Participant: 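Once you've had a glance at the structure underneath, I'll fire off some questions.
The figures that follow rest on heavy atoms only: side chains count, while hydrogens, waters and symmetry mates do not. These numbers come from a predicted model, not from an experiment.
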Amino acid sequence: MARAHESLRVLAASLAAALVLSGPALAACADTPPEQRLQNTFPTDIGRSLDQIREDGWIEVALYEDFAPWSWEQDGKIQGIDVDIARLIADDLGVELRPRLVQASETLDADLLNYVYRGAVVGGHVSNLFMHAPYDVEYACRFDQVVFTGIYAEEHLAIAYSAKAYPEKPPVPAVFRYDPVAVENDSISDFYLTGLSQGATNDKIHRLPNIQAAMEALAAGEVMAVMAPRSQIDPLLTEGIEVHEPPFVGLAKSKWPLAIALSFQHRPLGYEVDDIIDAAIADGRIPAIFEAHKVTFHPPER
């Protein structure tokens, strides 16, 4: 399980890096000329076109490994919310899904390079689609060779808490300078609470290897609350534990869209995927996937 915990920690750092950016779409791209973007040369491995995918009869989708409830392998079966959405896309395209579990790199930039527009230096290749890309317009404008499409949900930060410990009203972040709270080590929640009072809350922050350990500590009464992404809290809720989404004062973004990334050279595939996601949200198939995994579905702005 240590490897799984590391993947989640690194992914959280990637999200944090992506979320520091914000601003109007047109202004952001206008202020980012090609020579200042992270890459502006043609890739050596451009993947496969929509026509080729249909002709071959299969599509490869990259998904983070050890990332429950989104994507993980258990008893030889790859499963999770992102896996089910990838399968939905493949089904609507009329092809077989070939899921590819990949490790989270130190940054989201590296993940896009390794799995979307170039491939790892040693034995790497790009996949046709890359799931769970946190979308930010200014961040997206830094890339010439990546298209972000098919926004399928929003991730929200939340606080799980003991109903017995807070019988009158749910806790807000400010109370954690006095009350013990658990977070995943080196996560967005850890960074936020540590900086909230310039370190004053450090003695009350319990930094644990992963969110499951944090929720177990809450259930055991070792802490009074847990701060984490809502999607990872929901499946671990137990009797006497409630969850809410308070304002996170001073945090640039407490929620962010989740998108699908692919090579800019395959925009027809991106358009098709976006249409599939739009229809699957409207007809309830994507909300049903979240419900099946006991995770609250937050509809994205599209």
Participant: Report the distance from atom CD1 of Ile159 to atom OG of Ser189, rounding to the nearest 0.5 Å.
Facilitator: 8.5 Å
Participant: Which value, rounded to the nearest 0.5 Å, describes the distance between Glu216 atom CD and Ile211 atom CD1?
Facilitator: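 If I round to the nearest 0.5 Å, the distance is 12.5 Å.
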Participant: To the nearest 0.5 angstrom, please state how far the CD1 atom of Ile85 sits from the CG atom of Leu97.
Facilitator: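 These two atoms lie 12.0 Å from each other.
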Participant: Answer yes if the ring centres of Tyr135 and Tyr139 are under 6.0 angstrom apart, and no otherwise.
Facilitator: no
Participant: Once rounded to the nearest 0.5 Å, what's the spacing between atom CD of Glu272 and atom CG of Asp92?
Facilitator: 8.5 Å
Participant: For a quick check under 3.5 Å, do Glu154 and His156 share a side-chain donor-acceptor pair by atom type?
Facilitator: yes
Participant: So Asn128 and Leu262, do their side chains get closer than 4.5 Å, heavy atoms only?
Facilitator: no
Participant: Checking side chain to side chain donor-acceptor pair (under 3.5 Å) for the pair Glu155/Ser231: CA distance, chi angles, key distance, verdict?
Facilitator: CA-CA 7 Å; Glu155 180 66 281; Ser231 66; 2.5 Å; yes
Participant: Could you go through the salt bridge (Lys or Arg N to Asp or Glu O under 4.0 Å) check for Glu301 and Lys255 one step at a time?
Facilitator: CA-CA 12 Å; Glu301 293 185 10; Lys255 57 185 179 181; over 6 Å; no
Participant: Would you please indicate if the ring centroids of Trp256 and Phe148 are separated by under 6.0 Å?
Facilitator: no
Participant: Just so I know, are the side chains of Gln79 and Glu73 near enough to count as touching, which here means a heavy-atom distance under 4.5 Å?
Facilitator: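 They are not in side-chain contact.
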Participant: Tell me whether Arg87 is salt-bridged to Asp84, with the criterion being a basic N under 4.0 Å from an acidic carboxylate O.
Facilitator: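 The answer is yes: the pair qualifies as a salt bridge.
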Participant: Do Arg285 and Asp283 meet the salt-bridge criterion of a basic N to acidic O distance under 4.0 Å?
Facilitator: yes
Participant: Pair Asp234, Arg230 - check salt bridge (Lys or Arg N to Asp or Glu O under 4.0 Å), show working.
Facilitator: CA-CA 6 Å; Asp234 281 348; Arg230 179 71 181 263; 2.7 Å; yes
Participant: To the nearest 0.5 Å, what is the distance between OH on Tyr64 and OG on Ser105?
Facilitator: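 Between atom OH of Tyr64 and atom OG of Ser105 there are 7.0 Å.
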Participant: Output yes when Arg207 and Asp186 qualify as a salt bridge under the 4.0 Å nitrogen-oxygen rule, no when they do not.
Facilitator: no
Participant: Could you tell me whether Arg48 and Glu55 have a side-chain N and a carboxylate O separated by less than 4.0 Å?
Facilitator: no
Participant: Under the salt bridge (Lys or Arg N to Asp or Glu O under 4.0 Å) rule, what do Glu60 and Arg98 come out as? Steps first, then yes or no, please.
Facilitator: CA-CA 5 Å; Glu60 181 180 280; Arg98 293 189 180 179; over 6 Å; no
Participant: Between OH of Tyr115 and CE of Met131, what distance do you get to the nearest 0.5 Å?
Facilitator: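 Taking OH in Tyr115 and CE in Met131, the distance rounds to 15.5 Å.
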Participant: Determine whether more than 12 heavy atoms belonging to other residues, nucleotides or ligands lie under 6.0 Å from atom CD of Gln52.
Facilitator: yes
